[in-house]
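Single-structure report; data block below.
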2 protein chains.
Amino acid sequence: MATNVQLLKDALRKEGLLYTPQRQIIWDEICKTDDHRDAEEIYFKIKQGGHKVSRATVYRTIDVLVKNNLVRKLELGDGRNRYENKLDSSHHDHIVCIQCGRIDEFMDENIEKLQDEIAKKYQFKIVRHIHQLFGLCRDCN
Amino acid sequence: MATNVQLLKDALRKEGLLYTPQRQIIWDEICKTDDHRDAEEIYFKIKQGGHKVSRATVYRTIDVLVKNNLVRKLELGDGRNRYENKLDSSHHDHIVCIQCGRIDEFMDENIEKLQDEIAKKYQFKIVRHIHQLFGLCRDCN
DNA sequence: TCTTTAATGAGATTGAGTCTCAAAAGTAAT
DNA sequence: ATTACTTTTGAGACTCAATCTCATTAAAGA
């Protein structure tokens, strides 16, 4: 947890923002699990934990964390963004069960390379990508 | 255009729905361009064209068209869904400029194959996927 | 034509996310 | 420490895409 404090402090300093209890509480909550939770879930978990942090602060802080690469925003196209901490997970994409909501992670070096080639071909400078497979997991199929 | 009428009629019959003037107007509007437009844009274009179709009907009809594979829903993660007709376009994914909003289409057979392999590895039965590259296009870079 | 069923439209509602602004907390200089 | 200044926070208003409701209208079948 000590490093979590430092990572947050560094990010905030880089942004010219202050280190505050609320921001630490939010970052801690996000680090607690490796789930893919939306902002409301994170907000309510913090509330449940007995802390008083406003919804606005949760959203604002998550934006800072995303911007500084501590958190990854997941857009599954269902109208709400989900977030995962990037503490010890390397780059990966997601494979989602449309039945039970289960989210697995995958990574394929070859696909990454092919993406780079496409970017070159279209003369785009890629800054991020979304790659999600939707279907039925083994249990639901 | 004659085939557009038939395609719609077939889809509606398959769903047990009635063929109505409003549904034809909406489908026609979507077929007019190869753009990636959101529901509001489509709704207003129809209004501009002098037709009276309600917003609710536009949304409802688009859902039917998507479900029946006449229209593809594009989720770019910016809070509104976009739609493109699938009349004469084969499968493709999208490469999006985060500066000017330009959307190009790409398709890579190898990536598709690798996706299938991932699905097999994770024992998922894939029904759809999202693959989007975001970055700066040549003009914006 | 009459009856029944489905579709439409206007506007209310939802829900995630953003914005506002007064109050609170932090920072720096004296 | 006190003051002066800046940033953050929180409560709730607001936005905007999308959905829902339900009375009215249109279509299909007998």
Side-chain angles (χ1 to χ4, degrees), chain A residues 5 8-9 11-30 36-68 71-83 101, chain B residues 5 8-9 11-30 36-68 71-83 101:
Chain A
V5 172
L8 178 61
K9 281 184 175 170
L12 292 172
R13 182 169 322 112
K14 212 183 88 191
E15 291 288 317
L17 299 172
L18 301 177
Y19 175 76
T20 66
Q22 287 90 339
R23 286 171 175 159
Q24 184 65 55
I25 288 165
I26 295 162
W27 173 226
D28 283 349
E29 181 57 45
I30 293 173
H36 310 82
R37 295 182 292 176
D38 63 35
E40 294 296 308
E41 285 175 83
I42 294 164
Y43 169 57
F44 281 112
K45 273 278 178 289
I46 288 170
K47 250 175 131 175
Q48 269 180 32
H51 295 108
K52 290 200 198 64
V53 179
S54 73
R55 178 180 274 106
T57 300
V58 170
Y59 278 95
R60 282 186 292 228
T61 301
I62 288 176
D63 286 347
V64 175
L65 297 172
V66 169
K67 192 174 170 196
N68 285 274
V71 165
R72 181 163 181 210
K73 184 198 266 188
L74 260 184
E75 299 161 313
L76 298 186
D78 63 347
R80 66 208 154 110
N81 294 319
R82 296 163 179 265
Y83 302 94
Chain B
V5 173
L8 178 61
K9 282 183 174 171
L12 292 171
R13 182 169 322 114
K14 212 183 88 193
E15 291 288 317
L17 299 172
L18 301 178
Y19 175 76
T20 67
Q22 288 89 339
R23 286 171 174 159
Q24 184 65 56
I25 287 165
I26 294 162
W27 173 227
D28 283 349
E29 181 57 45
I30 293 173
H36 311 83
R37 295 182 292 176
D38 64 34
E40 294 296 308
E41 284 176 82
I42 293 165
Y43 169 57
F44 280 112
K45 273 277 179 290
I46 289 170
K47 250 175 133 174
Q48 270 180 30
H51 296 106
K52 289 199 197 66
V53 179
S54 73
R55 178 181 274 105
T57 299
V58 170
Y59 277 94
R60 281 186 294 230
T61 301
I62 287 176
D63 285 347
V64 175
L65 297 172
V66 169
K67 191 173 170 197
N68 284 275
V71 164
R72 182 164 182 209
K73 185 198 266 189
L74 259 186
E75 300 161 313
L76 299 186
D78 64 346
R80 64 207 156 109
N81 294 319
R82 296 162 180 268
Y83 303 93

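Numbered from 1 within each chain, the chains take letters A, B, ... in sequence-line order.
- Residues B:Tyr83 and B:Leu74 have side chains not in contact (no heavy-atom distance under 4.5 Å, counting atoms from C-beta outward).
- If you take CD of A:Glu41 and C1' of C:dG17, they are 15 Å apart, rounded to a whole angstrom.
- At the phosphate of C:dT18, neither OP1 nor OP2 sits under 4.0 Å from any side-chain N or O atom of A:Tyr59.
- A salt bridge links B:Lys67 to B:Glu15: one of the charged nitrogens lies within less than 4.0 Å of a carboxylate oxygen.
- When each of C:dG9, C:dT18, D:dT8 is scored by its nearest atom to the side-chain atoms of B:Val53, the top-ranked nucleotide is C:dG9.
- Between A:Gln24 atom CD and C:dA25 atom P the separation is 19 Å, expressed in whole Å.
- For the pair A:Ile42 CD1 and C:dG17 P, the interatomic distance rounds to 10 Å; values are reported in whole Å.
- The side chain of B:Gln22 places an N or O atom within less than 4.0 Å of a non-bridging phosphate oxygen (OP1 or OP2) of C:dG9.
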TODO: Classify every nucleotide of nucleotides 20-30 of chain D by which part a protein heavy atom approaches to under 4.0 Å, writing B for the base, S for the sugar-phosphate alone and - for neither, in 5'-to-3' order.
DONE: BB------S--
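- Per the geometry, OH belonging to B:Tyr83 stands 12 Å off P belonging to D:dA17, to the nearest Å.
- Without hydrogens or angle criteria, B:Thr61 side chain to B:Thr57 main chain gives a donor-acceptor distance under 3.5 Å.
- Of the charged side-chain nitrogens involved, at least one lies within less than 4.0 Å of a carboxylate oxygen, so that B:Glu29 and B:Arg37 count as a salt-bridged pair.
- Rounding to whole angstrom units, CD1 of residue B:Ile62 and C1' of D:dA17 are separated by 12 Å.
- Here A:Asp38 lies out of heavy-atom contact (under 4.0 Å) with every strand.
- In this structure, B:Phe44 places its CZ atom 13 Å from P of D:dA18, rounding to the nearest Å.
- Checked against D:dA18, C:dA10, C:dG17, the side chain of B:Arg80 finds its nearest nucleotide in D:dA18.
- Atom CG of A:Leu12 is separated from atom C1' of D:dT6 by 16 Å (rounded to the nearest Å).
- Ion pairing between B:Glu75 and B:Arg80 fails under the 4.0 Å rule for side-chain N and carboxylate O.
- Counting only distance, with no hydrogens or angles, the side chain of B:Arg82 and the backbone of B:Ala39 share no donor-acceptor pair below 3.5 Å.
- Nearer the 5' end of DNA chain C, as judged by each residue's closest nucleotide, is the contact made by B:Tyr43, out of A:Arg55 and B:Tyr43.
- OP1 or OP2 of D:dA17 has not a single side-chain nitrogen or oxygen of B:Asn81 nearer than 4.0 Å.
- Rounded to whole Å, atom C1' of C:dG9 lies 13 Å from atom CZ of B:Arg23.
- Using modelled atom types and a 3.5 Å distance limit, the side chains of B:Tyr59 and B:Glu40 yield a donor-acceptor pair.
- Closest contact between the side chain of B:Thr57 and the listed nucleotides C:dG9, D:dT8, C:dA16 involves C:dG9.
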